[in-house]
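All remarks here apply to the structure that follows.
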Amino acid sequence: GEDVEQSLFLSVREGDSSVINCTYTDSSSTYLYWYKQEPGAGLQLLTYIFSNMDMKQDQRLTVLLNKKDKHLSLRIADTQTGDSAIYFCAESRYSSASKIIFGSGTRLSIRP
Amino acid sequence: GAVVSQHPSWVICKSGTSVKIECRSLDFQATTMFWYRQFPKQSLMLMATSNEGSKATYEQGVEKDKFLINHASLTLSTLTVTSAHPEDSSFYICSAPSPGNEQFFGPGTRLTVL
């Protein structure tokens with residue numbers, strides 16, 4: 001079956017790095033995503049990684065994939081107050097056009 | 001980039017009435033669209049896959065007679081919540097894959113049933 005799990009909360013100090021972790025069960029997952037949702041808003045795709053990649057970096061964002069352990073992480077460097085949001089880990093099996101299964105979301109809060 | 005719109009952005013209705021939510025791909029055609037539901041402080045749960053030219057595919061536990069989906073054209077899918085009840089109050093989000101196979105999400109529709 002398809003299941004994606006995340007911790008529910010993360011609190012970091014402004015300027016520190018945030019690391020949000022995710023595990024998934026479907027070994028057939030082809031695409032793994034990180035989405036951001038601010039209060040009352042829709043989803044914003046932050047980044048994605050193909051299952052045959054180990055790492056992807058995009059400015060302040062670094063995604064690490066351990067396919068053997070089915071573990072995905074998102075690191076946000078130099079976390080700012082504008083990074084406060086809910087971050088969803090998600091996966092799709094066949095292509096990026098397939099249905100997407102979401103994790104429970106991690107609420108990131110930034111403290112001064 | 002590609003845009004997906006939803007209408008209305010929010011709706012309040014009385015219990016027992018039906019509500020129609022539209023999802024449009026504004027600058028690309030989509031033979032498939034997806035409908036999600038998000039309860040407060042929870043994740044997005046896939047409800048169904050809307051297929052142009054054929055019946056929608058519903059996820060387990062989603063009542064197809066209550067949540068009617070019509071893929072009216074290559075740019076429009078509608079979700080009708082029939083005989084809505086307070087427990088149907090939620091944030092409904094659609095998505096559509098573009099020809100480049102990237103999924104684009106609509107801004108969501110907040111339904112409140114009194």
Q. How many angstroms lie between atom CZ of B:F104 and atom CG of A:L43, to the nearest 0.5 angstrom?
A. 13.0 Å

Q: Counting only heavy atoms closer than 4.5 Å, note whether B:Q38 contacts chain A via side chain, backbone, both or neither.
A: side chain

Q: Hey, could you give me the CG/CD distance between B:L44 and A:Q37, rounded to the nearest 0.5 Å?
A: 6.5 Å

Q.
Could you check whether any side-chain heavy atom of B:T57 comes within less than 4.5 Å of a side-chain heavy atom of A:K99, counting everything from C-beta outward?
A. no

Q: Consider only side-chain heavy atoms of I, L, V, M, F, W and Y, link residues closer than 4.5 Å, and tell whether A:L45 and A:F88 are in one cluster.
A: yes

Q) In terms of heavy-atom proximity below 4.5 Å to chain B, should A:Y35 be classed as side chain, backbone, both, or neither? A) side chain

Q.
Taking atom NE2 as the centre, does A:H71 end up with more than 12 heavy-atom neighbours from other residues, nucleotides or ligands that are less than 6.0 angstrom away?
A. yes

(Q) Just so I know, are the side chains of A:Y48 and B:Q103 near enough to count as touching, which here means a heavy-atom distance under 4.5 Å? (A) no

Q | Within 6.0 Å of CD in B:E87, more than 12 heavy atoms from elsewhere | A | yes

Q.
Would the distance check show the side chain of B:S43 and the main-chain N or O of A:G105 forming a donor-acceptor pair, the cut-off being under 3.5 Å?
A. no

Q. When rounded to the nearest 0.5 angstrom, what distance separates CD in B:E59 from CD1 in A:I101?
A. 6.0 Å

Q | A:R111, CZ: over 12 other non-hydrogen atoms inside 6.0 angstrom | A | yes

Q: May I ask whether A:Y31 and A:M53 are part of the same hydrophobic cluster, defined by side-chain heavy atoms of I, L, V, M, F, W, Y residues being less than 4.5 angstrom apart, directly or through others?
A: yes

Q. Above 12 or not: heavy atoms from other molecules or residues under 6.0 Å from NZ of B:K64?
A. no

(Q) Quick check: is B:Y36 connected to A:L32 through a chain of hydrophobic side chains (ILVMFWY, heavy atoms under 4.5 Å apart)? (A) yes

Q) Which bit of A:S98 comes within less than 4.5 Å of chain B, counting heavy atoms only: side chain, backbone, both or neither? A) backbone

Q. Side chains of A:I100 and B:F105: does their closest heavy-atom pair fall under 4.5 Å?
A. yes

